[in-house]
Amino acid sequence: MRGHLWGLLYLNLVTVLWGTTFVVVKGTVEVLSPSLIILGRFLVASLCFLPFTLTLRKEDEQSQRVLWLAAFELGFWLWAGYATQAVGLQYTSASRSAFITALNVILVPIILGLFGRRIGLAVWAAAALAVVGVGLLSYDGSPPNLGDLWTLGCAFTYAAYIIRLESYAKRLPALGLTTVQVYGTALFALAWVLWEQPRVEWDRFPWFAIFYLGVFATALTTLLQTLGQGRVSAPEAAIIYVLEPVWASVFAFLLLGERLGVQGLVGAALVVSATLIDSLQYYWRSRTSARGR
């Protein structure tokens, strides 16, 4: 029970940090191509984990093989999620991007259900409530655009990442797993940059934004997410992640002076209610199991 609570804490902190990134990335894509943004943030994140690389040698040969397999699989899904979101932000608004990305909350249980995982009714209800809440919170009423389609791809790829991370996080050391998947994502980002060969305007290079995205929004969040999903199931984690646009709205209010209308406040309340439903049903299930023993 205590481990699960720590997992919830880690994942909630992740959503706070993620909530700061939409405005940062939205501003950065005006200066850098999405490929350079992804490469820059993951190169910075890789430097953060460089001191821990030597610890990977302490793993036995079989564990090392699984770790590097995870590096390429999780690295691909993570790169695809960040890349499609960054491309989408070139065309769509930050708020709509947050809403569409949050659709992974419903995609995770749907995908797991298609592969035979039994998903409780409370999780389905909480997921549906969360999607409605995020829609009210973030939908800006503008017509669909190309960025929406790219961001929908982000929701699918990130749902796949959440599901596969759950599998690896329960059987591999958190620090080693975080390290290798950051390296794997950086390699995919490097390949994208070499293929695209974007132009760099060094006099306008957003150094602080890349540093922030790399250290706090990538290295720290990836570690916390790996720790959290080792203690929390993928469907539960997906529901917690919908707090991301709520925090994005809070930071927009504090830093930019943006205010939520009545519709936005109702949406935020629904999202918080969804997370509470999920947490309470887990607590009730745990109490029932304990009484049964």
Side-chain angles (χ1 to χ4, degrees), residues 2-21 38 41-60 62-83 85 101 104-105 108 111-112 154 157-189 212-244 247 278 282:
R2 182 176 298 179
H4 183 266
L5 291 176
W6 275 108
L8 293 176
L9 177 62
Y10 293 145
L11 296 182
N12 275 278
L13 182 54
V14 166
T15 65
V16 175
L17 293 170
W18 279 347
T20 66
T21 61
I38 306 304
R41 69 187 294 179
F42 276 93
L43 283 179
V44 172
S46 297
L47 291 176
C48 294
F49 288 104
L50 196 58
F52 306 106
T53 305
L54 294 177
T55 63
L56 300 177
R57 297 182 181 180
K58 297 179 180 180
E59 302 293 331
D60 57 61
Q62 182 176 1
S63 296
Q64 285 192 18
R65 283 199 300 267
V66 178
L67 271 173
W68 289 108
L69 175 64
F72 285 99
E73 182 181 356
L74 295 178
F76 170 76
W77 293 119
L78 199 56
W79 164 79
Y82 280 111
Q85 186 181 73
T101 301
N104 67 70
V105 70
V108 168
I111 293 172
L112 288 173
C154 172
T157 54
Y158 210 76
Y161 172 74
I162 292 171
I163 292 170
R164 295 304 298 147
L165 177 59
E166 178 192 38
S167 173
Y168 286 116
K170 291 183 182 300
R171 54 195 174 101
L172 292 173
L175 188 57
L177 180 57
T178 305
T179 301
V180 296
Q181 64 178 304
V182 167
Y183 289 168
T185 309
L187 287 175
F188 281 107
Y212 176 80
L213 290 172
V215 175
F216 295 99
T218 304
L220 181 57
T221 56
T222 305
L223 177 59
L224 290 173
Q225 188 178 12
T226 303
L227 288 169
Q229 285 205 228
R231 297 164 172 82
V232 175
S233 70
E236 289 178 298
I239 292 171
I240 294 171
Y241 293 152
V242 298
L243 284 172
E244 176 186 0
W247 284 112
D278 177 67
Y282 181 87

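Computed from a predicted model, the values in this text were never measured in an experiment.
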Quick one: [atom1] on [X] to [atom2] on [Y], what's the gap to the nearest 0.5 Å?
X      : Y      : atom1 : atom2 : answer
Phe216 : Thr21  : CZ    : OG1   : 14.0 Å
Leu220 : Leu13  : CG    : CG    : 6.5 Å
Leu17  : Asn12  : CG    : CG    : 11.5 Å
Thr222 : Leu227 : OG1   : CG    : 11.0 Å
Leu177 : Leu172 : CG    : CG    : 5.5 Å
Leu224 : Leu11  : CG    : CG    : 8.5 Å

Checking [X] side chain against [Y] main chain: does a donor-acceptor pair fall under 3.5 Å?
X      : Y      : value
Asn104 : Thr101 : yes
Thr218 : Val215 : no
Gln225 : Val14  : no

Tyr158 and Trp18: aromatic ring centres closer than 6.0 Å?
-> yes
Does any non-hydrogen side-chain atom of Leu5 lie less than 4.5 Å from one of Leu8?
->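 Answer yes - side chains close enough.
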Decide yes or no for Leu175 and Phe49: does some side-chain heavy atom of the first lie under 4.5 Å from some side-chain heavy atom of the second?
->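 Sidechains of Phe49 and Leu175: in contact.
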Search all heavy atoms of [X] against all heavy atoms of [Y] and return the closest pair with its distance.
X      : Y      : answer
Thr157 : Trp77  : O-CE3, 3.9 Å
Ala189 : Ile38  : CB-CG2, 3.9 Å
Gln181 : Leu165 : NE2-CD1, 4.1 Å
Tyr10  : Gly228 : CD1-N, 3.9 Å
Leu223 : Ala174 : CD1-O, 4.4 Å
Gly214 : Ala45  : O-CB, 3.5 Å

Go through the side-chain N and O atoms of Tyr168 and Glu73 and say whether any donor and acceptor fall under 3.5 Å apart.
->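 Side chains of Tyr168 and Glu73: pair found under 3.5 Å.
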On the 0 to 90° scale, with breaks at 30° and 60°, tag the Trp79-Phe188 ring pair as parallel, tilted or perpendicular.
->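 Parallel: the ring planes of Trp79 and Phe188 meet at under 30°.
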Classify the angle between the aromatic ring planes of Phe42 and Tyr82 as parallel (below 30°), tilted (30 to 60°) or perpendicular (above 60°).
-> perpendicular
I would like to know whether Phe76 and Leu187 meet side-chain contact (heavy atoms from CB on, under 4.5 Å); could you show each step before the answer?
-> CA-CA 9 Å; Phe76 170 76; Leu187 287 175; over 6 Å; no
